[in-house]
Q: 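Just passing along the structure, written as C-alpha cells.
All values derive from a computational prediction rather than experimental measurement. Below, chains carry the letters A, B, ... as their sequence lines are ordered, and counting in each starts from 1.
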Number of protein chains: 2
Amino acid sequence: MHERVHLDHEAKALEAPADHAAELRLWLRLLTLSTMIEGEVRRRLRDRFDVTLPRFDLMAQLVRAPDGMTLSDVSKRMMVSNGNVTGLVERLVESGHLDRRVSETDRRAQVIRLTDAGLDAFRAMAAEHEEWIAEMLSGLDEDEIDTLMTLLGKVKASTRTAMEKGPAGAPQEDVPR
Amino acid sequence: MHERVHLDHEAKALEAPADHAAELRLWLRLLTLSTMIEGEVRRRLRDRFDVTLPRFDLMAQLVRAPDGMTLSDVSKRMMVSNGNVTGLVERLVESGHLDRRVSETDRRAQVIRLTDAGLDAFRAMAAEHEEWIAEMLSGLDEDEIDTLMTLLGKVKASTRTAMEKGPAGAPQEDVPR
DNA sequence: GCGGCTTGTTTTAAGCTTCAAATATCACGC
DNA sequence: GCGTGATATTTGAAGCTTAAAACAAGCCGC
C-alpha cells in the first residue's frame, strides 16, 4: 500500500517524496546521544550527590546571577514551562538551596537566588560534573570540538528558522509579512 | 573562598584544574539543541495528531518489527525503564494502536505489535515528522550532515567508553581487570 | 528435579513536565 | 483614575519517568 521504502536509487524525478533519510538519521543520532549523556549525568548526580538533574540545571542558571533571577527568566533559559519552575523552586527553597523573595520593583515577580549553602553545594557538584563531561568527550581533539560547535550552531540557527515559520504546510495565521 | 573564576589566562601551571570549558560548552549546545528540536516535535505531534512524543517513539520502534517485540526489547531500544514501557503500552493498547499477547515461547514475556489502525496512524505521523526534521535541518548541506554524523558517532563511542569505566575517581568495585 | 541466578514484567512512590485555566499586577493610553 | 491587553506566577489534571521492590518464569548445574 505504501511505496517508497525500497527504491533508494532511481526514481528521483516524478514528484518522488524527496527522501530525507540522512536528516532523519542525523536527528536520531543527536537524540540518542543526548539521551545517553543526560541519563548518565542524572544517574551520577543521584548516586554521588542525591540531587536530580533538573535541580542541578536550575542552580546552574542561578550561579552566574548573584543578584537573582525571576522565575520567568529561569523558565525561558531552561526552556521549560512556568509551572514546572514553580514546583522545582518550591522544593529547592524547602531544601535550603534557594532563597525566594518578592521583587522590589514588580510585585508579580519572585526573585530567587542561591543561598550560601546552595552555592557551596552547587560548586561541589559542578566541579565533578565538568570532569564527567570532559571524560565523556575525551575521544575528541580540539579541532573536532571546534567543528562540532560550529556545525551544531548552524543546526540551531536552521532549527530556529524552521520554528519561526511554523509547521510546513500550515498556513501562516494572522502574521502578515 | 573559591578561586578559579576570573583568571582565565595565566595560572596554568601549578595543578590548575585543567579547564574543560570547551567540552562543557559543546555539551551545553548539544543539549540545548536537542531540547529545542524535541520540544518542537512534541508540540507539533500534539497539535496535529493529538499524540505524545513517547507514544510516537514507541510506535516507531514497532513499525520495523512486524512480528512484534517484547517490552524489554522496546525498553532497551528506547533507553527508558521497564516500568515506563509498561505504562506507555497500556495506554496504547487501550487506544487501539497496539496489540499485546503473551509470548509463545516465554510465558514471562509480552509481545506487542502495531494493529492495522496503529500502523496507519503511525505512517501518517511519520511522513509529516520526516518533513519537519528535514525542514529544521535544511540549513545544512550534504557534507555538513555527513561530518556531523561522523563526529557525533565519535562522541557516542567516547561516551560509551566513559560510561563503562564508571565515574572518574570512583574506585572500581569488584570488577577485576 | 532442586536450588540458585538471571530475566521479564508490574507495581509503587516520588518527582518531573506540559497545557490550560485562574489570579494578580503592571503598563499604557485616554 | 479606568479600562485593556500583556506579563508573572500558581494551580490542577494528565501523563511521563525513574528507582526500587516484588513476583513469576526461565535456565543451569548438579
Q: Looking at D141(B), I'd like to know if its CG atom is crowded, meaning that more than 12 non-hydrogen atoms belonging to other residues, nucleotides or ligands lie closer than 6.0 Å.
A: yes

Q: Rounded to whole angstroms, how far apart are CD on E90(B) and P on dT17(D)?
A: 15 Å

Q: In whole Å, what is the span from the CG atom of D106(A) to the C1' atom of dA24(C)?
A: 10 Å

Q: Measuring to OP1 and OP2 of dG8(C), would you say a side-chain N or O of S75(B) lies under 4.0 angstrom away?
A: no

Q: Roughly, in whole Å, what's the span from CD in Q110(B) to P in dT11(C)?
A: 10 Å

Q: To the nearest 0.5 Å, what is the distance between CZ (F122(B)) and NE2 (H129(B))?
A: 8.0 Å

Q: Minimum heavy-atom separation for G139(A) and S158(B), please, with both atom names.
A: N-OG, 2.9 Å

Q: Give the B/S/- string for nucleotides 15-22 of chain C, one per nucleotide from 5' to 3', where a protein heavy atom under 4.0 Å of the base yields B, of only the sugar-phosphate yields S, and otherwise -.
A: SSSBS---

Q: Students often get this wrong, so: under 4.0 angstrom with heavy atoms, is T70(B) touching a base, only sugar-phosphate, or nothing?
A: sugar-phosphate

Q: Does the dT7(C) base have a donor-acceptor partner in the side chain of R108(B) within less than 3.5 Å?
A: yes

Q: Taking CG from D73(A) and C1' from dT7(D), how many angstroms apart are they, rounded to a whole number?
A: 12 Å

Q: Base, sugar-phosphate, or nothing for T86(A), non-hydrogen atoms under 4.0 angstrom?
A: base

Q: If you take atom types as modelled and just measure distance, does the side chain of R107(A) reach the base of dT25(C) with a donor-acceptor pair under 3.5 Å?
A: no

Q: Looking at H20(A) and E130(B), what are the two nearest heavy atoms and their distance?
A: N-OE2, 3.0 Å

Q: Under 4.5 Å between side-chain heavy atoms, hopping through other hydrophobics if needed: is there a path connecting W27(B) to V63(A)?
A: yes

Q: Please tabulate, one pair per line, each protein N/O and nucleotide N/O from nucleotides 21-23 of chain D that are separated by under 3.5 Å, including the distance.
A:
none

Q: Anything under 3.5 Å between a donor and an acceptor, one on a side chain of residues 53-62 of chain A, the other on a protein residue two or more places apart or in another chain? List them.
A:
residue, atom, partner, partner atom, Å
Q61(A), OE1, R77(A), NH1, 3.0

Q: Nearest 0.5 Å please: distance from the CD atom of E40(B) over to the CD atom of E135(B).
A: 8.5 Å

Q: For S75(A) and N82(A), work out which heavy atoms get closest and say how close.
A: OG-OD1, 3.0 Å

